[in-house]
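Nothing here was measured: the structure is a model prediction, and the numbers come from that model. Each chain gets a letter, A, B and so on, in the order the sequences are listed, and its residues count up from 1.
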2 protein chains.
Amino acid sequence: MNGQTRISWVQVRDKIRTRILDRVYSPGDKLPRDEDIAVELGCARTTVHRAMQDLVQAGLVERKRKGGTQVRIDPLTRATFDIPITRREIEQRGSKYDYQLISSILEDPPTPVLARLGVQQRSLLLHVKALHLADNRPYIFEDRWINTRSTPDILSIDLKCESANEWLVRNKPYTHVDVRFYAINAEDETANYLSTNAGDALLVIERTTWFAQDPITTVQAVAAPGYQLTSLV
Amino acid sequence: MNGQTRISWVQVRDKIRTRILDRVYSPGDKLPRDEDIAVELGCARTTVHRAMQDLVQAGLVERKRKGGTQVRIDPLTRATFDIPITRREIEQRGSKYDYQLISSILEDPPTPVLARLGVQQRSLLLHVKALHLADNRPYIFEDRWINTRSTPDILSIDLKCESANEWLVRNKPYTHVDVRFYAINAEDETANYLSTNAGDALLVIERTTWFAQDPITTVQAVAAPGYQLTSLV
DNA sequence: AAGTGGTCTAGACCACAAC
DNA sequence: TTGTGGTCTAGACCACTTG
């Protein structure tokens, strides 16, 4: 076969997935060896492997050397979310973006913030509060702490013009990130900024980033009422 | 070269990633052709391709035929969440799992539920409410609607013993799922089931599944106060 | 029209885990 | 020990997209 294509890995993946959905291979069942599937479908083993890669990532099957390929017993739902720069998110919805710096103060962080960053030693961090608006309405209230030890440059940035969110994303690459979602009742201050009422349920997207072991920043992005995070298709 | 390995795709990926983080290749920059990188690092082009596959998925670079590989200008944060069966989630935390069926009624769904499922025609759906407990404390309140047209078998299941969550995951494969997160203020009923107070902010994980065009089920999983969803490392 | 990534093949060897 | 998936190579052709 001189490099001739017979069947694509996408087709192979779909064939196998169909068999799993149709219970030809049921949860817990062992699939044939890659080699056998390759022979059956008339393609190279590499192609079957590429297809399996996709099914593993989707959470449909599990593979082990020597153990073979098994249909997962508890298929799980795996959802992926993109968290872009807030400005981009708003502009992509076709809305007008605005930004307001609320405060930017060097101060001693409370213990929970230190815990999020994973540091023991107390040190002054830059505490930045800001508001992102879509079509002149509050969209996200950002409460951020920045490690001035790892990111001294931030002190010379005029955060009234450029948001810390944007500056950091563009200028401070990170190697590791922790993302978590939860709900809070709006406090007076937050409610005020988001033009809503104290006690309203708000979604928080919390992110903390590191470069190697070095903490960079941790942020609570508090979304206005009605905000929904939706998974990629 | 008789199939001899020189460098793994993981090493290639890490080298390129390091260059991006160190701004050897800055945001917006074009990377060398795969072929050139392969020659430089002394490996096959396929190996570079495998490495790039990983960087694309991480959201670090973008690739286009003829256009080459480019470092993303706005690196985005991409977070993946596994949403397992609730029982499994609780047991994996090392807690004792319990389950209570609250109600199971065939009824006419309200319009928002129809919208979630993407159907116009009214028809009776099975409306199931249930509570999942961890160590005897309410953990998740599940408010679910099941399409009896696509899933008639559900009517013969004793939902007092097996949760609809579990039965569906095991017996009803799906081809497409929509996942979304948002926050709500607890209503009296919800607060009651979750042993908390009306008005408390609660995180909702909403999922809707289809098999091809056929809607299967839509569920609001309302988590007890304090619940956090965290991304995979 | 031409350049670059995307994929397929066939064959080899490696690494892990089951037996 | 042995079987299975994981990966690498070299070469070929395909498909998209840019100039």
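Distance alone, capped at 3.5 Å, is enough to place a donor-acceptor pair between the B:K172 side chain and the B:S150 backbone.
Atom CD of A:Q100 and atom CD of A:E142 lie 13.0 Å apart (nearest 0.5 Å). Taking CG of B:D82 as the start and OG1 of B:T230 as the end, the distance is 10.0 Å to the nearest 0.5 Å. Here SG of A:C43 is found 13.0 Å from CH2 of A:W9. Values are rounded to the nearest 0.5 Å. In this structure, CZ in B:R23 is found 6.5 Å from CG in A:N171, a value given to the nearest 0.5 Å.
At whole-Å resolution of the value, CZ in A:R50 and C1' in C:dC8 are 12 Å apart. A straight line from CD of A:Q53 to C1' of C:dG6 spans 13 Å, rounded to a whole angstrom. Across the protein-nucleic acid pair, A:E62 atom CD and C:dA17 atom P stand 13 Å apart, rounded to whole Å. The interatomic distance linking B:D36 (CG) with C:dG3 (P) rounds to 13 Å, in whole Å. Between the CZ atom of A:R63 and the P atom of C:dA15 there is a distance of 18 Å, rounded to whole Å. Atom-to-atom, CE of A:M52 to P of D:dG5 comes out at 8 Å; the value is rounded to the nearest Å. Protein atom CG of B:D54 is 14 Å distant from nucleotide atom C1' of D:dT7, rounded to whole Å. Here the P atom of nucleotide D:dG6 and the CD atom of A:E35 are 14 Å apart, to the nearest Å.
Residue A:T69 has a polar side-chain atom (N or O) positioned under 4.0 Å from OP1 or OP2 of D:dG5. For D:dG6, one of the phosphate oxygens OP1 or OP2 lies less than 4.0 angstrom from a side-chain nitrogen or oxygen of A:H49. Between A:T46 and C:dT7 there is no side-chain polar atom (N or O) within less than 4.0 angstrom of OP1 or OP2.
Closest-nucleotide positions on DNA chain D for A:G68 and B:G42 were compared, and the one nearer the 5' end corresponds to A:G68. Nearest-nucleotide positions on DNA chain D for B:C43 and A:K30 put A:K30 closer to the 5' end. For the pair B:D34 and A:V10, both in contact range of DNA chain C, the more 5′-proximal nearest nucleotide belongs to B:D34.
Aromatic pair A:Y139/A:Y227: centroids less than 6.0 angstrom apart.
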Protein-nucleic acid N or O pairs under 3.5 Å, nucleotides 1-3 of chain D:
{"unit_1": "D:dG3", "atom_1": "O4'", "unit_2": "A:K66", "atom_2": "NZ", "d": "3.0"}

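Among D:dT9, C:dT9, D:dG6, the nucleotide with an atom closest to any side-chain atom of A:R45 is D:dG6. Comparing C:dA18, C:dC8, D:dA10 by their nearest atom to the side chain of A:S8 picks out C:dC8. Of all nucleotides listed (C:dC8, D:dG5, C:dG5), C:dC8 comes nearest to the side chain of A:W9.
Ring planes of B:Y99 and B:H132: tilted class, angle from 30 to 60°.
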